[in-house]
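Quick note: numbers below take in every heavy atom, side chains included, and nothing from hydrogens, waters or symmetry partners.
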Amino acid sequence: MVGRDREISQVTEFLRGTAAFDDPMGTTMVIEGDPGVGKTALSRAVSDLERAHEATVLSGGGVQSEADIGYASLTQLLGPVVDHVDALPAAHRDSLHAALGYGELGQGLFPQVAEALAALLTDLGRRTPVVVVIDDLQWVDSASADVLGRTARSLPGSNVRFLVLQRTGVHTLFDASGYPRLRVEPLAEADAKALLTARFPQTDSQVLERVLVESAGNPLALLELPTALDLRGRSSGEQLPAHLPLTGRLQALYGGRVRQLTPATRQRLLVLALGESELPVSDATLDWLDPLLPAERAGLVELGQRPGQVSFRHPLVRSTVIDLSTAVDRRDAHLALASRYAEEDERRAWHLAAATVTPDETVATLLEAAASKALHRGDATGAIRTLVRAAELSPHPTERARRLAKAAYQGADRGLDMDGASRLLEEAALADPSGARTLAAAVATAYLLLNNAGDTTTAHRVLVAALQQLDTTSADPDMVAEAIHTLCEVCLYAARPSLWPAYHEATALVDLSAYPVLALWDQLMVDPARRAHAHLHDIDEALASLEHEGDPVRVERVATAGVFVDRIYSAHEPLMRLIRDARRGKSVGPGTLALMLLAVESFKRGEWTRTRELSDEGVQMVTDHDFGLLIWPLKLTQGWLAACTGQTAKLRDLLDQMHNYATPRQVDTVLLYAHYAAGLEALGRGEFERAFQELCGVTAPGELRSHDGWAMAVSMDLVEAAVHSGHLEEAAAHVAAMHDARLAELSSRLELLVAGSAAMAAAPFDRQLYERALQTKDADQWPFDLARIHLCYGQTLRREREAAAARPHLRTALDIFERLGARPWAERANQELQATSEAKQGAATQVGPAVLTPQEDHVASLAAQGLTNQQIGERLLISPRTVGAHLASAYRKLAVTSRGGLHIALQQARRQDENEG
């Protein structure tokens with residue numbers, strides 16, 4: 001290794017934990033550089049040094065022709081230690097066996113496989129240090145890249161190190177962010193000359209200088225160019241060939257060697273190039289290897305010490321072998337590779353597809369099955385690519401259209417590429433115009449209409465028509481379930497009662513018990529106030545199962561089912577996985593919804609800084625990927641924050657956006673969002689009549705609107721607004737509806753809201769109801785709601801002339817509101833404290849002029865702001881007549897005769913108080 005002492009030292013220091021640079025993870029180093037610069041040679045030299053220090057070295061890498069075959073690279077990597085897999089605990093053993101093709105698919109999900117691989121490597125690391133070398137990272141299949149990336153991040157502080165080799169500037173599926181990087185540069189001129197003269201000591205000066213110039217320090221070119229020039233027969237001064245691009249020259253060099261081989265040897269090389277470098281060990285292995293000996297002597301491959309181990313000297317050798325082969329050669333090689341695998345193995349399907357030049361329904365069916373397996377593992381990208389290839393091989397136009405439409409739906413549903421999904425759908429329509437009426441096409445069309453245009457009416461019509469024309473004897477039940485789920489989403493967003501009967505008719509087409517996620521939506525999203533009680537155990541079990549779930553859509557859908565019963569945090573870590581994947585461009589749709597769900601939950605739990613971060617990130621992600629409708633639940637959380645923190649201008653802008661979007665499209669749920677946020681803002685400002693009218697736009701008093709979970713969510717808001725605006729009968733009716741629906745049984749938050757609402761609406765005042773509400777289990781998990789109950793309790797006590805008893809509750813409310821940043825609510829709490837002759841030190845509004853009582857000052861200040869006696873009374877929970885009496889007293893003490901002089905008189909009186917103080 002001429003000229004690589006520094007790089008070898010850096011890598012070995014990293015592997016042995018003595019590196020000087022900062023590596024927060026401590027597990028992985030990325031070695032990057034241009035093709036032929038010596039990345040592989042460097043890793044081999046380091047691997048040899050580590051083996052000499054008794055380390056276990058596992059080497060593998062990507063194969064260009066197997067980049068679409070799940071776990072191809074992982075299978076290659078684990079070949080030497082496959083016996084150790086059998087010694088693992090059953091769960092880990094089964095997961096790895098599934099990934100390697102020996103077990104049931106259900107055990108092969110990415111997180112489970114990563115956990116099992118980490119266990120295997122940790123076990124190996126207890127005996128010796130373990131070095132995992134992954135070459136050609138750009139061609140590692142998506143499943144292996146995901147598992148290896150997760151594993152590397154899960155082993156900080158262990159005895160395991162990863163070296164990953166990749167070409168500079170090439171995108172890879174392995175998440176290498178945050179790891180230290182070693183850039184392998186071309187050799188310096190002195191080192192390049194030393195390498196060249198050491199390997200070719202008889203080279204004349206003309207050739208030496210030309211090779212040095214054209215190689216530009218690339219070690220592979222330095223070693224290969226002189227051989228191609230046949231230096232032994234070249235006389236000094238002979239004209240050298242014209243300059244060629246480096247990669248073209250190198251491919252030409254390898255091409256010359258390949259062409260000199262016998263057809264049998266070239267065919268064996270082609271099988272290796274198109275498949276795995278690690279051959280299956282069998283009695284015939286040595287015979288199979290014999291024809292490769294000439295290729296070894298030609299410097300094209302290296303035969304390892306283990307039986308069946310073969311590797312190309314450079315990736316360009318592999319590329320050259322493929323480029324120089326004929327279509328017939330490649331077909332025969334793929335057929336030979338396909339014969340190695342069982343009927344159900346995805347690799348068999350892909351190799352058969354590569355060997356097929358005309359449409360073949362048998363191969364297309366195998367590919368579609370392989371796509372289903374990939375999707376089950378969470379490999380949506382691989383599934384879509386496989387479905388498209390299946391469509392290409394479909395002999396019948398209807399099947400071609402169906403598979404293209406299915407690929408379009410999977411792409412849209414996972415948010416991978418909405419434009420790409422639209423193009424696939426257009427191709428499906430062109431392939432077979434009648435195929436556009438298939439269920440898969442209808443689902444894809446409806447999904448795109450819903451999420452791009454927000455056209456709920458057309459999306460509903462397309463789905464209902466397809467479901468009504470369905471031939472249930474031949475329909476794919478999984479696609480029927482997807483259609484019903486999409487129809488449910490359409491109805492939820494439309495929020496129009498007239499659309500739901502068609503959904504309920506559609507649910508009769510499938511056995512919901514066979515589709516538990518769809519069943520959860522049917523029970524917990526469609527009408528949670530009436531149907532959720534019997535299924536709380538189901539949602540809790542489903543949420544617990546997400547820990548090792550690899551399908552991002554299932555994670556998002558199960559978590560969404562828990563939104564109205566306050567269960568989202570039970571899926572916190574799985575949702576964070578989706579967000580991390582979305583940040584890397586994987587499954588962006590589910591990742592965006594995960595951001596929304598966690599933003600909603602963090603708002604409820606008083607984590608408002610996190611709410612802002614999550615919702616802002618989600619809005620940006622939706623905007624970047626043009627998802628349309630997904631932006632509005634995120635803007636709802638932004639609206640809550642703006643309403644509760646006093647950002648009036650921002651809220652008005654958000655409300656305008658919601659109305660402008662929702663009204664022409666009839667997306668009534670977004671209008672509900674607007675009413676909800678506007679009602680919260682009015683409550684915070686003490687404008688109770690306006691709050692009542694806004695919240696009635698979400699659900700009528702005394703009614704928990706059917707097919708609408710938001711009716712449950714605004715229950716206490718509506719009761720609070722009704723009580724303070726004098727709509728006492730409506731408030732009592734709504735509390736009765738909450739009790740009748742047994743909302744308190746659904747979650748600790750709803751229990752708190754029901755208890756708080758009952759206390760607010762009680763007539764006459766019942767102290768025990770408030771005390772019972774404040775003692776609700778886990779009430780402190782919902783600080784904003786808890787603070788509002790304290791505030792109402794304190795207000796009521798103050799109104800009952802129990803100022804001393806009111807103060808602790810008002811102080812508690814004020815402390816919580818200030819901690820949250822809920823400024824309008826904090827001002828209300830402080831004003832109530834003033835009315836009890838106490839104000840919090842340092843609060844925004846202090847006790848007024850000494851000549852006025854606290855209540856007179858409060859009333860006068862509101863009157864100076866332009867509020868009417870009726871509005872002041874609503875805010876302070878006193879009658880307009882009492883407001884008038886306080887104003888009359890304030891006029892007399894301040895020597896003014898009308899509201900117009902109040903503002904100046906109050907300012908003068910306060911300055912006088914300050915001077916006297």
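For the residue pair Thr128 / Thr56, a side-chain donor-acceptor distance below 3.5 Å is found, with atom types taken as modelled. For His53 and Arg16, the side-chain atoms include at least one donor-acceptor pair closer than 3.5 Å.
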Subject >> Residues Ser73, Ile134; criterion side-chain contact (heavy atoms from CB on, under 4.5 Å); working and verdict >> reply: CA-CA 9 Å; Ser73 295; Ile134 309 168; 6.0 Å; no

**OP:** I would like to know whether Arg580 and Glu573 meet salt bridge (Lys or Arg N to Asp or Glu O under 4.0 Å); could you show each step before the answer?
**Re:** CA-CA 10 Å; Arg580 289 191 290 268; Glu573 184 49 39; 2.6 Å; yes

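Counting only distance, with no hydrogens or angles, the side chain of Thr122 and the backbone of Ala119 share no donor-acceptor pair below 3.5 Å. Under the 3.5 Å distance criterion, the side-chain polar atoms of Asp581 are left unmatched by any main-chain donor or acceptor of Val588. Side chain of Asn159 to main chain of Arg126: no donor-acceptor pair is present (N/O by atom type, distance under 3.5 Å, no hydrogens or angles). In this structure, the side chain of Asp94 does not engage the main chain of Leu96 through any donor-acceptor pair within 3.5 Å. In this structure, Ser545 contributes its side chain and Ala542 its backbone to a donor-acceptor pair below 3.5 Å. No donor-acceptor pair closer than 3.5 Å links the side chain of Asp136 to the backbone N or O of Trp139. A distance-only check finds no donor-acceptor pair linking the side chain of Arg268 to the backbone of Pro291 [under 3.5 Å]. Ser339 contributes a side-chain N or O that, together with a main-chain N or O of Ala336, makes up a donor-acceptor pair within less than 3.5 Å. Ser47 places a side-chain N or O within 3.5 Å of a backbone atom of Ser43 that can act as its donor or acceptor partner.
Taking each heavy atom of His92 and Ala116 in turn, the nearest pair found is O-CB, 3.3 Å. The two residues Gly60 and Leu77 have their closest heavy-atom pair at N-CD1, 3.5 Å.
The pair Asp540-Arg567 meets the salt-bridge criterion, since a charged nitrogen lies less than 4.0 angstrom from a carboxylate oxygen. In this structure, Arg167 does not pair ionically with Glu32, as no charged nitrogen and carboxylate oxygen lie closer than 4.0 Å. With respect to the salt-bridge test (charged N to carboxylate O, under 4.0 angstrom), the residues Arg161 and Glu50 do not qualify. Of the charged side-chain nitrogens involved, none lies within less than 4.0 Å of a carboxylate oxygen, so that Glu601 and Arg610 do not count as a salt-bridged pair. Using a 4.0 Å cut-off between a side-chain N of Lys or Arg and a carboxylate O of Asp or Glu, Glu549 and Arg577 do not qualify as a salt bridge. A salt bridge does not link Lys373 with Asp345: none of the charged nitrogens is closer than 4.0 Å to a carboxylate oxygen.
With Phe162 as reference, Leu121 is the one residue of Val130, Val133, Leu121, Leu15 to meet the side chain to side chain contact (heavy atoms under 4.5 Å, CB included) rule.
Taking 4.5 Å as the limit, some side-chain heavy atom of Leu598 sits within range of a side-chain heavy atom of Tyr569.
A distance of 11.5 Å separates CD of Gln10 from CG of Asp5, quoted to the nearest 0.5 Å. Between Asp551 atom CG and Glu556 atom CD the span is 10.0 Å, to the nearest 0.5 Å. Between the CZ atom in Arg93 and the NE2 atom in His84 there is a gap of 15.5 Å [rounded to 0.5 Å]. Between the CG atom in Leu117 and the OG1 atom in Thr151 there is a gap of 4.0 Å [rounded to 0.5 Å]. Phe14 contributes atom CZ, which lies 6.5 Å from atom CG of Leu163 (distance to the nearest 0.5 angstrom). Residue Thr27 holds its OG1 atom at 7.0 Å from CG of Leu155, rounded to the nearest 0.5 Å.
More than 12 heavy atoms of other residues, nucleotides or ligands lie within 6.0 Å of CZ in Arg183, so this atom counts as buried by the packing criterion.
Taking the ring axis of Tyr179 as reference, the NZ or CZ atom of Arg153 stays within 45° of it and closer than 6.0 Å to the ring centre.
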